[in-house]
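Working notes, structure below.
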Amino acid sequence: MKLLDGKALSIQIKEEIKAEVEAIKASGGKVPHLAAVLVGEDPASQSYVRSKVRSCETCGFESTLIRRPSDISESELLEIVHGLNRDHAIDGFIVQLPLPGHIDESKINLAIDHRKDVDGFHPVNVGRMAQGLDSYLPATPFGILQMIKRNEIETSGKRCVVLGRSNIVGTPISILLSRKAYPGNCTVTLTHSRTADIKAELLRADIIIAAIGIPHFVKGSMVKEGAVVIDVGINRVDDSSRPRGYRLVGDVDFDEVAPKCSYITPVPGGVGPMTVTSLLMNTLRAARNEVYPD
Ligand code: NAD
């Protein structure tokens with residue numbers, strides 16, 4: 001069994017990005033600038049945004065954090081988005097999800113200029129991804145592809161079972177792994193809450209991507225020998241022995257599943273750090289106008 005160490009890989013990729021930013025600076029080019037909009041006080045969102053801003057600093061990016069209280073109106077938030085769309089100093093920006101219930105997330109998403117949509121959630125980027133055109137890939141699936149690629153894991157002809165059909169993880173990774181490319185060329189089955197027999201589907205999988213948000217859902221008895229298991233889940237479970245009173249666990253029962261795998265990601269330290277790094281990769285591409293040159 002080989003551990004897919006997302007923390008170590010993300011440090012390596014950030015070093016590569018930092019070297020590229022230094023080269024940009026040395027040649028007098030524009031330093032990448034990422035903006036993040038954080039609404040409300042959700043602890044997980046605050047921690048994700050903090051980590052994104054810290055990573056920008058590590059890589060030499062400029063970053064702007066815009067914080068607003070949870071009672072901000074939808075029209076005020078839309079105004080912020082329009083302002084960021086117009087601001088030539090900003091290469092890319094994200095609006096951290098989830099948003100408070102009175103704000104329509106899809107309305108905000110649609111208002112973001114797709115050329116600055118470094119989260120890759122805008123329908124233009126999703127559509128381009130689905131057609132195999134260059135686009136900003138959603139950060140978590142992009143991070144998963146990087147892990148597969150950098151560890152030279154074979155995907156062609158493999159059976160891949162994705163657990164969960166969210167717009168940010170399950171659905172896009174199922175599209176990406178079925179594309180005619182590397183990583184890709186998999187035969188993908190997308191499973192979800194209405195799938196009749198998830199265990200039977202999982203037992204056929206050479207590659208499992210688990211993204212459902214249920215702690216330790218995938219047990220040893222659901223995984224075949226030699227499978228590659230990518231655990232996207234980040235779930236807080238009570239743990240009075242920890243100073244914070246909780247610990248993070250994945251959607252996979254690591255202790256049971258790891259001995260059967262050829263490769264497995266840990267939680268924490270697997271997909272999570274790669275997600276942040278992918279956002280930086282998208283922002284670097286935005287600063288270079290690579291995806292949308294005009
Ligand atoms: P979500 O919470 O939006 O949706 C869950 C999906 O799981 C749905 O498609 C649903 O159909 C499916 N599902 C729910 N119960 C099921 C069941 N019993 N059997 C089969 N399918 C079931 O999904 P999400 O936003 O992709 O998040 C999934 C997990 O991944 C969460 O733990 C989240 O915190 C984590 N996550 C991690 C990262 C990262 O960077 N590592 C990024 C995004 C999400």
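Numbering of ligands and ligand atoms starts at 1, following listing order.
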Checklist entry - Measuring from L4:CG to R150:CZ, what's the distance to the nearest 0.5 Å? => result 13.5 Å
Next on the checklist: Heavy-atom count check: over 12 atoms from other residues, nucleotides or ligands less than 6.0 Å from D197 CG?
Outcome noted: yes
Checklist entry - Any sub-3.5 Å donor-acceptor pair from R128's side-chain atoms to D134's backbone N or O? => result yes
Item to check | Close-range residues for ligand 1, whose non-hydrogen atoms fall below the 4.0 Å threshold | outcome: T140, G164, R165, S166, I168, V169, H192, S193, I198, A211, I212, G213, I214, F217, V232, G233, I234, N235, V271, G272, T275
Item to check | Atom NZ of K260 with >12 non-hydrogen neighbours under 6.0 angstrom | outcome: yes
Checklist entry - Under 3.5 Å, side chain of K219 to main-chain N/O of E256, donor-acceptor pair present? => result no
Next on the checklist: In terms of relative ring orientation, are Y292 and H114 parallel, tilted or perpendicular, with 30° and 60° separating the classes?
Outcome noted: perpendicular
